[in-house]
Amino acid sequence: MPNDVATQRVIQASAVLSEPLMEAFSTSVAHLESEASRYNQFRFPAIRPMLMRASVRLALEEGLLPEGARVGGNPHQNCELLIEYKNLTMRVLKENRRLFPGGIPVAGRNDARRAYYQQMSLEDMLFTGDSCEDAPLNLILLWEWIDVENRKQGVDLRLVHTIGAGRWSASPVPVDLSIPIVSDVGFYSNLEFESTEETQDFFATQIAAEENDSADAG
């Protein structure tokens with residue numbers, strides 16, 4: 001059965017952070033297309049994901065985040081961006097359904113990233129005896145162009161909890177929770193469980209059908 005306590009923590013964080021995240025990404029899209037206009041999206045696909053992380057970081061550092069949330073990560077390492085809130089850590093990555101089944105970039109060979117991905121499932125946490133109310137959780141905040149051909153339309157966001165590293169183009173990164181980030185805070189009070197093994201997704205989510213042509217894996 002799903003871990004209601006841990007899941008509700010992620011839902012609550014999604015509701016609290018949805019507005020500042022949507023605002024930060026919306027602002028960054030406008031800056032991105034101005035600053036990266038000379039670089040063709042399909043010839044230089046890795047540029048915009050790095051610029052997006054840098055731009056979102058600057059936007060969040062201007063005071064968008066609520067009390068208790070902070071920006072982390074090392075911007076010297078490919079503009080790494082983490083968002084931390086109440087013992088939840090959210091790593092910002094570009095979704096890529098063309099390269100990775102399921103859209104989540106695989107962990108690759110980096111030991112630190114593999115450790116971040118390979119964590120106990122929410123269900124197994126119930127049987128460890130540890131408190132699920134404050135146990136650290138690693139999450140990935142994925143962003144995806146609504147339309148890669150018309151990027152000014154903005155992006156879709158979703159938050160996932162991974163339980164494995166995945167293999168490059170061979171198997172998807174396994175997840176046991178996926179929640180869309182939307183501007184309607186009331187949305188989070190109406191989520192319903194969806195326990196299909198095929199999708200490994202507790203919630204019915206709507207993900208953009210457009211494939212992303214970026215080759216950036218992080």
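Owing to the predicted nature of the structure, the values given are computational and were not obtained by experimental measurement.
Taken together through direct or relayed side-chain contacts under 4.5 Å among Ile, Leu, Val, Met, Phe, Trp and Tyr, Leu177 and Phe187 form part of one hydrophobic cluster. If you chain together hydrophobic residues whose side chains sit under 4.5 Å apart, Leu58 and Leu32 never meet in one group. Met22 and Val29 fall within the same hydrophobic cluster, where Ile, Leu, Val, Met, Phe, Trp and Tyr residues are linked whenever their side-chain heavy atoms come under 4.5 Å apart, directly or through other members. Hydrophobic clustering, with ILVMFWY side chains joined whenever heavy atoms are under 4.5 angstrom apart, groups Val92 together with Leu51.
Nearest heavy-atom pair, Val173 versus Pro105, reported as atom, atom and distance to 0.1 Å: CG2-O, 3.8 Å. What you find for Leu122 and Ala6 is that their closest heavy atoms are CD2-CB, 3.8 Å. Looking at every heavy atom in both residues, Pro45 comes nearest to Pro49 through O-CD, 3.1 Å. In plain terms, the two heavy atoms of Pro172 and Gly102 that are nearest each other are CB-N, 4.5 Å. The two atoms that bring Ser178 and Arg158 nearest to each other are OG-NH1, 3.2 Å, heavy atoms only. For Phe42 against Asn40, the heavy-atom pair with the smallest separation is N-OD1, 2.8 Å.
In this structure the side chain of Trp143 never reaches within 4.5 angstrom of the side chain of Ile181, judged on heavy atoms.
Atoms CD and CZ, on Glu95 and Phe100 in that order, are 11.0 Å from each other to the nearest 0.5 Å. One finds the CD atom of Glu84 at 5.0 Å from the OG1 atom of Thr89 (value rounded to the nearest 0.5 Å). Distance check: Thr7 OG1 to Glu123 CD gives 10.5 Å after rounding to the nearest 0.5 Å. Met120 contributes atom CE, which lies 11.0 Å from atom CG of Leu137 (distance to the nearest 0.5 angstrom). Of the inter-residue distances, the one linking Glu23 atom CD with Phe25 atom CZ reads 13.0 Å to the nearest 0.5 angstrom. Between Leu142 atom CG and Met90 atom CE the span is 13.0 Å, to the nearest 0.5 Å.
Below 30°, between 30° and 60°, or above 60°: for Phe44 and Tyr39 the angle between ring planes is above 60°, a perpendicular geometry.
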Just do the side-chain contact (heavy atoms from CB on, under 4.5 Å) check on Val106 and Tyr117 with the steps written out, would you?
CA-CA 9 Å; Val106 299; Tyr117 276 55; 5.7 Å; no
Given Glu33 and Arg48, is the side-chain contact (heavy atoms from CB on, under 4.5 Å) satisfied, shown in steps?
CA-CA 8 Å; Glu33 287 310 300; Arg48 283 174 176 80; 3.1 Å; yes
Stepwise side-chain contact (heavy atoms from CB on, under 4.5 Å) test for Gln119 and His161:
CA-CA 9 Å; Gln119 54 192 326; His161 179 260; 3.4 Å; yes
Does Leu65 form a side-chain contact (heavy atoms from CB on, under 4.5 Å) with Tyr85? I'd like the steps, not just the answer.
CA-CA 10 Å; Leu65 289 174; Tyr85 179 70; over 6 Å; no
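Distance alone, capped at 3.5 Å, places no donor-acceptor pair between the Arg9 side chain and the Leu88 backbone. In this structure, Ser37 contributes its side chain and Ser34 its backbone to a donor-acceptor pair below 3.5 Å. No donor-acceptor pair under 3.5 Å is formed between the side chain of Arg57 and the backbone N or O of Val71. Counting only distance, with no hydrogens or angles, the side chain of Arg53 and the backbone of Asn78 share a donor-acceptor pair below 3.5 Å. Side chain of Glu80 to main chain of Asn74: a donor-acceptor pair is present (N/O by atom type, distance under 3.5 Å, no hydrogens or angles). For the pair Ser55 (side chain) and Met52 (backbone), a donor-acceptor distance under 3.5 Å is absent.
Just one of Leu159, Leu93, Leu17, Leu82 meets the side chain to side chain contact (heavy atoms under 4.5 Å, CB included) condition when paired with Leu141; it is Leu159. With respect to Ser14, the side chain to side chain contact (heavy atoms under 4.5 Å, CB included) criterion is satisfied by exactly one of Leu157, Ile179, Leu21: Ile179.
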